[in-house]
Amino acid sequence: MIIRGQKINDRYQIIRTIGEGGMANVYLAYDTILNRNVAVKILRGDLAGDEKFVRRFKREAISASSLTHPNIVEMYDVGEDDGNNFIVMEYIDGKTLKSLIKKRGSLTLPEVIDIMLQLTSAIACAHESYIIHRDIKPQNVMILDDGRVKITDFGIAIASNAADLTQTNSVMGSVHYLPPEQANGEGATIKSDIYSLGILMYELLTGKVPFKGENAVEIALKQMKEEIPSVCEINPEIPQAIENVVLRACAKNPKNRYDSVSEMHEDIKTSLSSERTDELRISYKYPEHDLDETKIIPDLTRSKRNEAVEKELQEIEKKDKKINIALWITGGACALLAFLICLFVIIIPMFNNVKEVKIPDVSEMSVADAEAELKKLGLEVEKELKEKNSDEIEEDLVIGTSPSKDRTVKKGTKIQLIVSIGTSKILIEDYKGKNYYEIKGMLEEKGLIVEITKKEVEEKEGEKVKEDIILEQSPAALEKLEKGDTVVLTIPDIYTKYPDFVKEKYTVDAAQAFCDKHGVTLVVETLSTTDYSPGSIISQDRAAGSRVTSPTTLKIIVAKAPATDSIPINPTTPDETTDGETN
C-alpha cells in the first residue's frame with residue numbers, strides 16, 4: 001500500500017493520489033534530487049505478480065520514452081522498488097479533456113481546431129516512431145490553463161514494427177472510441193488511431209459521443225454498422241469542411257480514411273479557409289460495409305451476446321409496428337376527448353395551482369447529470385454555475401444546490417448548481433536554503449501570512465554567510481494549510497566576535513582594517529614601555545570573543561620605545577663672559 005510521505009526508490013516522496021485506473025494508480029510526488037514535482041504511476045499490487053501486466057506496464061515507459069514532442073507527456077524514469085513497479089513522468093497541472101467537455105459541453109470551433117492540431121501533431125510523431133497509441137480518448141488528454149494539450153497513457157501502445165505483438169487482437173481502449181475493425185476482432189493500425197481521433201473531434205464539436213447503448217456490445221455493434229450522426233445537423237453553424245474531416249476520419253472502411261495522421265492534420269489546418277467555404281459533403285470511394293461478418297469481440301463478450309442483442313432489437317421493432325397501427329386507429333377518436341381533458345383537468349388548473357417538488361440531492365454528480373435530474377422534476381437550472389472550494393468533493397463535480405436539497409419549491413423554480421473547483425488547501429514544500437524574499441512573496445500571494453524570525457549565526461574570518469537564505473521553517477514540508485494560516489521562516493542574524501588583538505599579534509593596520517570592515521571607530525593610544533616591541537598592541541577595551549556592534553568605538557594601546565636622556569653640547573659656565581671680561 002502506498003501512503004503519503006513514502007519514498008519510492010529512495011527519491012520520489014509521495015504527496016497524494018491524483019488518479020486511479022484498472023491497471024495502475026498515479027500519485028503526485030516530489031523528486032528530492034531534482035527538486036520538482038513529478039507524477040509516479042505504480043502498477044496495482046494485485047497485478048504485480050502477473051508477468052503479462054508487468055510487461056505491458058514497462059512497455060508504456062519504453063514506448064513513450066522514445067517520443068519527444070511538446071504535446072506528449074515526458075517520461076523521466078522507470079524501475080522497481082520493494083515490489084512496486086513504477087514509471088516517473090512529467091506532472092501536468094491541468095484537467096482532462098473529458099472533464100472540460102462535461103463542464104462546458106461542446107467547445108467553440110477555434111478551440112476544437114487548436115486542440116485537434118496539437119493532438120494530430122503528437123500522434124503523427126508517435127506514428128513516425130512506429131508507435132500506435134490504441135487508446136485515444138479525452139480521458140487520456142490533459143489540457144493546461146494556457147490551452148496546451150498533453151496526451152498521456154501509452155500503457156497499451158504497441159510498436160507497429162515489432163516481431164512479437166502480445167495482445168494485438170485484444171480490444172483494450174474505451175468502446176466509445178473503438179474502431180469498427182477492432183470491434184470486429186482485427187488488430188490495431190495507424191488508421192485505428194485516426195478513427196479514434198475522429199470520434200474525439202466529434203465529441204469536442206457536439207459535447208457527446210456519437211454512439212451510445214445499454215452495454216459495450218451494443219455500442220460496438222453501432223460502431224460497426226451505424227453511420228455516424230451529422231455534426232452539421234446537430235449544429236448548423238459548423239462548416240461542411242469541418243464535418244468532412246470527421247466523416248473521413250470516422251469512415252467504417254479503413255480504406256476511406258486518411259492515409260496518415262499528418263494528412264488529417266493538414267486537412268484540419270485548411271478547413272476554415274475561404275477556398276473551402278462552399279465545400280460539398282464527401283462521398284466515400286469504397287463501400288462502407290464490406291467488413292467481414294461479425295467476429296468475436298475480444299475482451300468484451302461472446303458472439304452469442306451479439307446475436308441476442310440483434311434478436312432483441314428485431315422483437316422491439318415488431319412490437320413497435322403493432323403499437324403504431326393501434327395508435328393510429330384509436331388516435332383520431334380520442335383526440336377531441338384528450339384535448340378536452342387536457343383543457344379542463346390540466347391546463348386550466350395549472351394557472352391556479354403550480355405543483356411543488358422537493359429539490360433532490362445531486363451532490364457528487366457531474367453538471368450534466370445534475371441538470372438532467374433537476375429538469376426531470378420540472379425545475380429550471382441557471383446557466384451560471386457557482387464555484388466553490390471543497391476538500392471532499394472532486395473537482396468539476398456538484399457540491400450542492402441553491403436553494404439547498406430537500407427544500408420544497410414550485411415547479412419551474414430556478415436552481416443554481418454549486419460546483420467544486422477542488423481543494424483550497426495549500427501544500428507547503430521544503431524551503432530551506434532558498435531566498436526568503438522570493439518564498440515570502442510566493443506564500444503571501446497564495447493567501448498565507450508569513451512571519452520572519454532570526455537565528456544568530458557567527459560569521460568567521462574568511463567565511464561569507466548569506467543573510468537572505470532560509471535556515472528553518474514551520475510548518476514542515478508536505479503540510480497543507482488554509483488561506484490565512486501562518487508560516488514562520490527563520491533567517492540568519494549574522495554577527496562577528498572581536499578577536500584577541502594581543503594574542504593574535506594584530507598590527508595596527510590589521511586592527512584598522514577589521515574596524516573599517518565592521519563599522520567600528522578605532523582609537524589608538526601609545527604607551528612607552530620596554531616590555532613589548534614597538535608597534536605591537538598590548539591591550540584592547542573590548543573583550544576578545546564579545547559581539548561586534550555598529551556603530552561603536554574600540555580603543556587599543558600600542559607600545560612605543562621610551563625616550564632617551566639628552567646631554568647639552570658646549571654649555572656656558574657662570575665664570576665665562578663675552579669679550580673676555582670677568583666679574
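All residue numbers refer to positions in the sequence shown, counting from 1.
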*Asks:* Within a reach of under 6.0 Å around CD of Glu445, are more than 12 heavy atoms found that belong to other residues, nucleotides or ligands?
*Replies:*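 No, because the 6.0 Å sphere around CD of Glu445 holds 12 heavy atoms or fewer from other groups.
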
*Asks:* Test your reading of the model: is there a side-chain donor-acceptor pair from Thr552 to the backbone of Thr549, 3.5 Å cut-off?
*Replies:* no

*Asks:* Measure from the side-chain N and O atoms of Lys455 to the backbone N and O of Ile491, and report whether any donor-acceptor pair falls under 3.5 Å.
*Replies:* no

*Asks:* Does Lys7 NZ have over 12 foreign heavy atoms under 6.0 Å away?
*Replies:*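 Yes, the 6.0 Å shell around NZ holds more than 12 heavy atoms from other groups.
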
*Asks:* Please list all pairs passing the ring-ring contact (aromatic ring centres under 6.0 Å, His included) test where one or both residues lie in residues 480-501, with sequence neighbours left out.
*Replies:* Phe501-Tyr506, Phe501-Phe514

*Asks:* Spell out, as yes or no, whether a donor-acceptor pair under 3.5 Å connects the side chain of Asp430 to the backbone of Ala477.
*Replies:*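 Judged by distance alone, no pair lies under 3.5 Å.
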
*Asks:* Checking side chain to side chain contact (heavy atoms under 4.5 Å, CB included) for the pair His265/Ser121: CA distance, chi angles, key distance, verdict?
*Replies:* CA-CA 7 Å; His265 179 87; Ser121 176; 4.1 Å; yes

*Asks:* Please round to the nearest 0.5 Å and tell me the distance separating atom CG of Leu527 and atom CD1 of Ile557.
*Replies:*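 Spacing of CG (Leu527) from CD1 (Ile557) equals 7.0 Å.
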
*Asks:* Specify the closest pair of heavy atoms between Ser262 and Glu128, including all atoms of both residues, with the distance to one decimal.
*Replies:*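 Of all heavy-atom pairs spanning Ser262 and Glu128, the closest is OG-OE2, 4.4 Å.
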
*Asks:* Using a 3.5 Å distance criterion without hydrogens, assess whether the side chain of Arg542 forms a donor-acceptor pair with backbone atoms of Pro499.
*Replies:* no

*Asks:* Side-chain contact test, heavy atoms from C-beta onward, threshold under 4.5 Å: evaluate it for Tyr30 versus Ile14 and give yes or no.
*Replies:* no

*Asks:* When you compare the side chain of Ile18 with that of Arg16, does any pair of heavy atoms fall below 4.5 Å?
*Replies:* yes

*Asks:* Please indicate whether Lys102 has more than 12 foreign heavy atoms, meaning atoms of other residues, nucleotides or ligands, lying under 6.0 Å from its NZ.
*Replies:* no

*Asks:* Does the side chain of Thr453 come under 3.5 Å of the side chain of Thr490 through a donor N or O and an acceptor N or O?
*Replies:* yes

*Asks:* Taking all atoms of both residues into account, what is the closest heavy-atom pair of Ala124 and Val261, and its distance?
*Replies:* N-CG1, 4.0 Å

*Asks:* Less than 3.5 Å apart, any donor N or O on the side chain of Asp468 or Asn435 sitting next to an acceptor on the other?
*Replies:* yes

*Asks:* Can you tell me how far CG of Asn25 sits from NZ of Lys41, rounded to the nearest 0.5 angstrom?
*Replies:*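 Going from the NZ atom of Lys41 to the CG atom of Asn25 covers 10.0 Å.
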
*Asks:* Is any side-chain heavy atom of Ile132 closer than 4.5 Å to a side-chain heavy atom of Arg134?
*Replies:*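 A side-chain contact under 4.5 Å exists here.
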
*Asks:* With a 4.0 Å cut-off on N to O distance, would you call Lys414 and Glu384 a salt bridge?
*Replies:* no

*Asks:* Does Ile2 reach the side chain of Val40, with side-chain heavy atoms less than 4.5 Å apart?
*Replies:*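 A side-chain contact is absent here, since even the closest heavy-atom pair is not under 4.5 Å.
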
*Asks:* Measure from the side-chain N and O atoms of Asn71 to the backbone N and O of Val149, and report whether any donor-acceptor pair falls under 3.5 Å.
*Replies:*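 Checking the backbone N and O of Val149 against the side chain of Asn71, a donor-acceptor pair under 3.5 Å is found.
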
*Asks:* Below 4.5 Å, heavy atoms only, C-beta onward: do Ile92 and Leu144 meet side chain to side chain?
*Replies:* yes

*Asks:* Just do the salt bridge (charged side-chain N to carboxylate O under 4.0 Å, His left out) check on Lys405 and Asp361 with the steps written out, would you?
*Replies:* CA-CA 5 Å; Lys405 66 176 181 177; Asp361 183 2; 3.6 Å; yes

*Asks:* Do Leu107 and Leu100 have side chains that approach each other closer than 4.5 Å (heavy atoms only, starting at C-beta)?
*Replies:* yes

*Asks:* Would Lys137 and Glu203 pass as an ion pair if we require N to O under 4.0 Å?
*Replies:*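 No, Lys137 and Glu203 are not salt-bridged.
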
*Asks:* Could you state the interatomic distance from CG (Leu481) to OG1 (Thr486), rounded to the nearest 0.5 Å?
*Replies:*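 One finds 9.0 Å between CG of Leu481 and OG1 of Thr486.
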
*Asks:* Side-chain donor-acceptor pair under 3.5 Å between Asp77 and Tyr12, yes or no?
*Replies:* yes

*Asks:* Has the side chain of Arg4 got a donor or acceptor atom that lies under 3.5 Å from a matching backbone atom of Leu478?
*Replies:* yes

*Asks:* List the steps and the verdict of side chain to side chain contact (heavy atoms under 4.5 Å, CB included) for Leu205 and Leu109.
*Replies:* CA-CA 7 Å; Leu205 290 166; Leu109 205 52; 3.7 Å; yes

*Asks:* Checking side chain to side chain contact (heavy atoms under 4.5 Å, CB included) for the pair Leu471/Val457: CA distance, chi angles, key distance, verdict?
*Replies:* CA-CA 10 Å; Leu471 299 176; Val457 176; 3.9 Å; yes

*Asks:* Testing the basics here: between Thr32 and Asn35, what is the closest heavy-atom pair and its distance to 0.1 Å?
*Replies:* O-OD1, 3.6 Å

*Asks:* Over all heavy atoms of both residues, which pair between Tyr177 and Tyr195 is shortest? Give the atoms and the distance, please.
*Replies:* O-CD2, 4.1 Å

*Asks:* List the atom of Ile399, the atom of Ser390, and the distance in Å for their closest heavy-atom pair.
*Replies:*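 Looking at all heavy atoms of both residues, the closest pair is CD1-CB, 3.7 Å.
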
*Asks:* Return yes if some donor-acceptor pair links the side-chain N/O of Asn140 with the main-chain N/O of Asp135 below 3.5 Å, else return no.
*Replies:* yes

*Asks:* If I take atom CZ from residue Arg36 and atom CD1 from residue Ile33, how far apart are they, to the nearest 0.5 angstrom?
*Replies:*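 Going from CZ on Arg36 over to CD1 on Ile33, the span is 10.5 Å.
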
*Asks:* Are any non-hydrogen side-chain atoms of Asn9 and Val88 less than 4.5 angstrom apart?
*Replies:* no

*Asks:* Main chain of Ile415, side chain of Thr401: is a donor-acceptor contact present, judged purely on distance under 3.5 Å?
*Replies:*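 Such a contact is absent between Thr401 side chain and Ile415 backbone.
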
*Asks:* Before accepting this row, confirm whether a basic side-chain N of the pair Lys454/Asp493 lies closer than 4.0 Å to the acidic partner's carboxylate O.
*Replies:* no

*Asks:* For Glu479 and Ala476, indicate whether the former's side chain and the latter's backbone hold a donor-acceptor pair under 3.5 Å.
*Replies:* no

*Asks:* Would you say Glu382 and Leu417 make side-chain contact, with heavy atoms under 4.5 Å?
*Replies:* no

*Asks:* Can you establish whether the number of heavy atoms outside Lys208 located under 6.0 Å from its atom NZ is more than 12?
*Replies:*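 It does not: Lys208 NZ has 12 such atoms or fewer within range.
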
*Asks:* For a side chain to side chain contact (heavy atoms under 4.5 Å, CB included) check, start with the C-alpha distance between Val548 and Leu554, then their side-chain angles and the critical distance, and finish with the verdict.
*Replies:* CA-CA 10 Å; Val548 176; Leu554 168 67; over 6 Å; no

*Asks:* Using a 6.0 Å cut-off, check whether atom CD of Glu80 has over 12 heavy atoms from anything other than its own residue.
*Replies:* yes

*Asks:* CG of Leu200 to CG of Leu204: how many Å apart, nearest 0.5 Å?
*Replies:* 5.0 Å

*Asks:* Quick one: closest heavy-atom pair of Thr96 and Gln139, and the distance?
*Replies:* CG2-O, 3.8 Å

*Asks:* When rounded to the nearest 0.5 angstrom, what distance separates CD1 in Ile190 from NE2 in His127?
*Replies:* 6.0 Å

*Asks:* Could you give me the CA-CA distance, side-chain angles and deciding distance for Glu395 and Lys103, then say whether salt bridge (charged side-chain N to carboxylate O under 4.0 Å, His left out) is met?
*Replies:* CA-CA 10 Å; Glu395 187 177 1; Lys103 185 175 183 179; over 6 Å; no

